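All values derive from a computational prediction rather than experimental measurement. Convention: sequence-line order gives letters A, B, ...; per-chain numbering from 1.
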Amino acid sequence: MRIKNELKKGIDEVLRKLHLEIPDYSLEFAPEEIDGDFATNVALIAGSRTEKLSIEIAEGISRALQEVEPDTIERIEVAKPGFINIYIVRKRWHRELAMILKEGKNYGKTNIGKGMKILIEFVSANPTGPLHVGHGRGASIGDSLANILRETGYQVVKEYYVNDIGNQIDLLEKSINIRQKELRGEEVSLPEGAYRGSYVKEIAEELESKYGKKKSFDCREYAVQKILSLVRKDLEDFGVKFDRWFFESTLYRKNKVKEIIDSLKNKDLIYEKDGAQWFKSSQFGDEKDRVVIRENKKPTYFTSDITYHYDKFRRGSKKVINIWGADHHGYVDRIRASLAALGISPEDLKIILYQLVSLRRGGQQVSMSTREGEFVTLRQVMEEVGKDASRFFFLMRGADSRLDFDLELAKKQSPENPVYYVQYAHARICSIFREKRKKEYKKVSLTERTEEEEKESIEIIKRLSRYPEVVKNCAQRYEPHHLTGYLQDLAKCFHHYYDKYRVLSGDKSATQSRLKLVEAIQLVISNGLGLLGISAPQRM
RNA sequence: GGGCUCAUAGCUCAACGGAUAGAGCACAGGGUUGCGGACCCUGGUGUGAGGGUUCGAUUCCCUCUGAGCCCUCCA
């Protein structure tokens with residue numbers, strides 16, 4: 001990272017000297033087939049903008065760069081179309097390793113966010129039943145992303161939006177009431193769409209035993225609080241803690257919804273049709289106008305949502321991130337439209353849509369609807385495959401690819417699950433240090449560092465030095481899954497190294513440098529897993 | 001019918017417009033007088049189809065095919 005910044009500066013200086021202006025060139029770690037350290041396409045871009053050949057420009061830049069950075073650059077080669085491959089002096093990599101160790105837990109932190117306020121809202125499942133697997137995906141992505149954004153210098157608030165009013169709550173109440181009647185021995189039948197889960201019966205039983213036929217309690221309030229406490233517990237056990245639980249009902253209590261409607265009316269963006277009030281969202285890129293006040297005078301869910309999103313920005317967030325299941329995608333345009341109408345730049349709202357998780361149990365598709373009785377909860381998955389494995393699993397793939405979660409398979413694969421592979425690397429390193437403390441470890445003789453080992457060590461240091469950039473990349477692209485891939489790769493390098501070279505050996509200086517290397521690996525794995533909300537165990 | 005998303009190895013998935021497209025699983029073989037064998041090594045197949053943009057495309061644009069989802073005065 002530091003080396004890269006240094007090189008970047010060097011290249012910029014060279015470009016100035018050569019009177020070239022190339023703002024958007026790339027400087028990358030060289031691909032593995034090339035044995036250089038860094039590669040840049042700056043000459044290729046320059047070539048496409050002038051008459052000169054890229055190769056010639058590359059030669060020129062190389063010569064100048066070598067003069068500017070003699071202490072860092074070992075040599076430079078120009079390759080085929082015009083790539084410049086840069087080789088770094090070895091000493092510089094060793095210094096990098098020392099700096100990684102010095103930074104310790106802070107290694108990976110950057111300040112690209114500069115304290116910018118970000119509000120990230122996720123899960124936000126209706127309080128009408130327990131969380132299911134799909135929510136687990138949203139929870140994993142949201143929570144890790146929040147960690148990553150904090151690590152890169154943003155000021156992040158994690159929020160859960162609770163839809164504690166509306167038709168689905170009415171339906172919940174009805175479902176409970178029906179179960180209560182059933183408990184009193186009445187003949188009942190569940191209407192279409194009623195909640196059928198066993199928790200409905202449980203709540204009905206609790207209400208019956210506590211209050212009986214007394215009408216003094218508020219069934220809705222009780223049920224929502226009850227279910228919410230279960231949701232909270234599930235999330236807590238999943239390692240997810242929200243900074244704020246925002247209740248939809250408060251928008252009405254504080255009259256905020258009315259304010260928004262009035263504000264839109266003042267802008268002449270509301271009209272009446274078929275007895276309802278419509279918002280002219282099509283003026284702001286939505287495919288058609290939307291109802292905000294129904295014929296029965298009640299606001300729609302959308303109306304609450306406009307108010308809620310406006311409120312998020314009004315509270316000072318410069319950027320708002322929503323994590324939604326992909327089935328809500330039709331909703332994106334209208335929310336953006338409403339923000340635009342209220343004078344907020346729609347680009348400041350980032351909506352991450354994750355494709356739904358389809359569940360299988362032994363080849364059989366399992367229904368995911370909360371309204372059907374039978375569905376697999378997040379808790380069940382956690383109990384079957386563990387918190388760490390589930391989170392890693394959810395974070396391994398990009399949000400926009402579908403996720404097939406076969407419970408049988410997840411269970412069966414659990415020992416080979418990649419998370420164990422990464423955690424095992426960490427535990428192994430811890431074990432080395434435990435062994436070292438014993439002082440009586442078996443000293444093995446044939447173990448001086450060879451040229452080959454030196455080369456492989458530097459390859460590992462290069463990977464370690466990429467870590468802050470990986471985190472940064474995840475933050476800028478809002479994609480935590482790059483980190484899981486990075487950690488798997490790093491763990492692989494470690495296991496390979498461990499297998500080949502004995503760390504604790506008879507050779508003191510060899511032992512010293514190997515210990516430094518594995519300590520740095522341990523540090524990066526631990527920091528990285530931390531951002532994913534996954535534990536880095538000392539023992540397994 | 002319209003819209004959103006996706007299509008990469010036998011399977012599940014990676015790859016800021018970059019060089020010879022990578023991992024894991026599965027399959028087959030092999031490996032430790034040693035700090036944890038939950039490990040390591042060796043095997044091979046490829047971007048759904050067709051155009052375009054350019055030094056260069058899995059990535060961007062268009063057409064087609066196929067899959068999932070959404071098209072409520074539900075949330």
Side-chain angles (χ1 to χ4, degrees), chain A residues 26 28 30-34 39-41 44-45 47-48 53-55 79-83 85 126 128 163 165-169 171 193 248 273-278 287-288 290-296 298-302 304-305 325-333 353 355-356 358 393 396-404 406 409 413-418 420-421 423-425 427-436 438 441-444 446-447 469 473 476-477 479 481-482 484-485 488-489 491-492 494-505 511 514-515 518 539-540:
Chain A
S26 77
E28 300 287 316
E32 243 164 288
E33 312 84 58
I34 314 299
T40 176
N41 65 351
L44 284 165
I45 295 190
S48 67
L53 253 76
S54 296
I55 287 269
K80 273 189 280 175
F83 287 106
N85 292 323
N126 285 339
T128 51
N163 304 116
I165 50 174
N167 287 346
Q168 83 286 357
I169 300 292
L171 193 58
E248 183 183 0
K273 195 181 92 183
D274 305 331
Q277 309 268 319
W278 297 69
E287 58 172 330
K288 59 179 182 183
R290 308 288 172 180
V291 171
V292 283
I293 303 288
R294 286 181 279 231
E295 205 177 351
N296 65 10
K298 283 187 179 172
T300 61
Y301 172 84
F302 175 50
S304 302
D305 233 14
D327 54 340
H328 288 73
H329 71 257
Y331 217 71
V332 173
D333 283 346
L353 297 171
Q355 293 293 320
L356 296 191
S358 51
F393 198 88
M396 254 170 29
R397 27 193 55 95
D400 50 14
S401 76
R402 275 192 298 277
L403 187 55
D404 254 346
D406 187 329
L409 199 69
Q413 280 186 342
S414 123
E416 289 110 40
N417 197 307
Y420 294 101
Y421 185 76
Q423 288 181 318
Y424 183 51
R428 254 184 160 175
I429 297 171
C430 292
S431 174
I432 295 173
F433 283 98
R434 277 196 299 272
E435 186 71 13
K436 183 197 159 222
K438 283 186 196 160
Y441 57 81
K442 200 168 169 189
K443 299 216 162 108
V444 182
L446 71 154
T447 46
E469 193 169 298
N473 193 30
Q476 283 170 334
R477 297 169 65 184
E479 290 173 347
H481 77 272
H482 300 287
T484 58
Q488 285 181 82
D489 181 58
K492 185 179 176 141
F494 165 72
H495 287 305
H496 172 88
Y497 181 84
Y498 177 93
D499 202 65
K500 201 163 169 185
Y501 306 105
R502 194 184 153 90
V503 175
L504 299 173
S505 75
T511 303
R514 287 174 194 146
L515 280 171
V518 298
R539 289 191 169 85
M540 294 172 70

Given [options], which nucleotide is nearest the side-chain atoms of [X]?
X	options	answer
A:His481	B:rC35, B:rC39, B:rA15	B:rA15
A:Asn41	B:rC71, B:rG18, B:rC13	B:rG18
A:Tyr424	B:rA38, B:rC69, B:rC73	B:rA38
A:Tyr421	B:rU72, B:rC39, B:rC35	B:rC39
A:Ser26	B:rC35, B:rC16, B:rA75	B:rC16
A:Phe83	B:rC73, B:rC13, B:rA19	B:rA19
A:Gln168	B:rC70, B:rA19, B:rA75	B:rA75
A:Asn167	B:rC40, B:rA19, B:rC74	B:rC74
A:Tyr420	B:rG68, B:rA19, B:rA38	B:rA38
A:His329	B:rC35, B:rC69, B:rU5	B:rC69

What is the separation between atom [atom1] on [X] and atom [atom2] on [N], rounded to the nearest whole Å?
X	N	atom1	atom2	answer
A:Leu356	B:rC69	CG	C1'	7 Å
A:Arg290	B:rC74	CZ	C1'	13 Å
A:Met396	B:rA14	CE	C1'	10 Å
A:Asp305	B:rA75	CG	P	10 Å
A:Arg502	B:rU33	CZ	C1'	12 Å
A:Asp400	B:rA7	CG	P	8 Å

Counting any heavy atom closer than 4.0 Å, what does [X] reach on the DNA or RNA strands: base, sugar-phosphate only, or nothing?
X	result
A:Gln488	nothing
A:Phe494	nothing
A:Asp274	base
A:Arg539	base
A:Ala30	nothing
A:Tyr331	base
A:His482	sugar-phosphate
A:Tyr498	base
A:Glu28	base
A:Gly275	nothing

Under 4.5 Å between any side-chain heavy atoms of [X] and [Y], yes or no?
X	Y	value
A:Tyr498	A:Ile429	no
A:His481	A:Met396	no
A:Gln355	A:Leu403	no
A:Val518	A:Phe494	yes
A:Pro299	A:Val292	no

[N] to [M] separation - [atom1] atoms, rounded to the nearest Å:
N	M	atom1	answer
B:rC62	B:rG44	P	39 Å
B:rU8	B:rU45	C1'	13 Å
B:rU12	B:rA7	C1'	14 Å
B:rA14	B:rG24	C1'	10 Å
B:rA19	B:rA28	C1'	32 Å
B:rA57	B:rA49	P	16 Å
B:rC13	B:rG51	P	29 Å
B:rC25	B:rC41	P	11 Å

Problem set entry | hbond_proxy A:Glu287 side chain to B:rC71 base (donor-acceptor, 3.5 Å cutoff) |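 Answer is no: no donor-acceptor pair is held.
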Exercise. Does the base of B:rA19 carry an N or O that pairs as donor and acceptor with the side chain of A:Asn85 under 3.5 Å?
Worked result: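 Side chain to base: pair present.
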Exercise. Do we get A:Arg397 above A:Phe393's six-membered ring, with its NZ or CZ under 6.0 Å from the centre and within 45° of the axis?
Worked result: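 That pair qualifies as a cation-pi contact.
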Is the phosphate of [N], meaning OP1 or OP2, less than 4.0 Å from a side-chain N or O of [X]?
X	N	value
A:His495	B:rG37	no
A:Arg397	B:rA23	no
A:Arg402	B:rA7	no
A:Lys492	B:rG24	yes
A:His496	B:rC39	no

Exercise. Taking the nucleotide of RNA chain B with the closest heavy atom to each, which residue, A:Leu353 or A:Asp499, is nearer the 5' end?
Worked result: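 This one resolves to A:Leu353.
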For this session: Report the residue (A:Arg477 or A:Val291) whose heavy-atom-nearest nucleotide on RNA chain B is the more 5′ of the two.
Result: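 Looking at RNA chain B, the more 5' nearest nucleotide goes with A:Arg477.
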With 3.5 Å as the limit, what N/O pairs link the protein to nucleotides 54-60 of chain B?
none

For this session: Say whether, by atom type as modelled, one donor and one acceptor occur between the side chain of A:Ser26 and the main chain of A:Thr40 under 3.5 angstrom.
Result: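 Checked: no pair found.
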Problem set entry | Side-chain (A:Arg502) to main-chain (A:Leu504) donor-acceptor, under 3.5 angstrom |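 Pair found, side chain donor or acceptor close to backbone of A:Leu504.
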Exercise. If you round to the nearest 0.5 Å, how far is OH of A:Tyr331 from OH of A:Tyr301?
Worked result: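 A:Tyr301 OH to A:Tyr331 OH: 5.5 Å, rounded to 0.5 Å.
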For this session: Measure the CZ-CG distance between A:Arg402 and A:Leu356 for me, rounded to the nearest 0.5 Å.
Result: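 Here the interatomic distance stands at 9.5 Å.
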Return the nucleotide paired to [N]: Watson-Crick means purine N1 to pyrimidine N3 with N6-O4 or O6-N4, wobble means G-U with N1-O2 and O6-N3, both under 3.5 Å.
N	value
B:rU33	none
B:rU58	none
B:rC25	B:rG10
B:rA15	none
B:rU45	none
B:rG1	B:rC71

Problem set entry | Residue list, salt bridge (Lys or Arg N to Asp or Glu O under 4.0 Å) with A:Glu479, at least two apart or on another chain |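 A:Glu479 satisfies salt bridge (Lys or Arg N to Asp or Glu O under 4.0 Å) with A:Arg477 once adjacent residues are dropped.
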For this session: Return yes if a side-chain donor-acceptor contact under 3.5 Å exists between A:Asn163 and A:Glu248, otherwise no.
Result: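 Yes.
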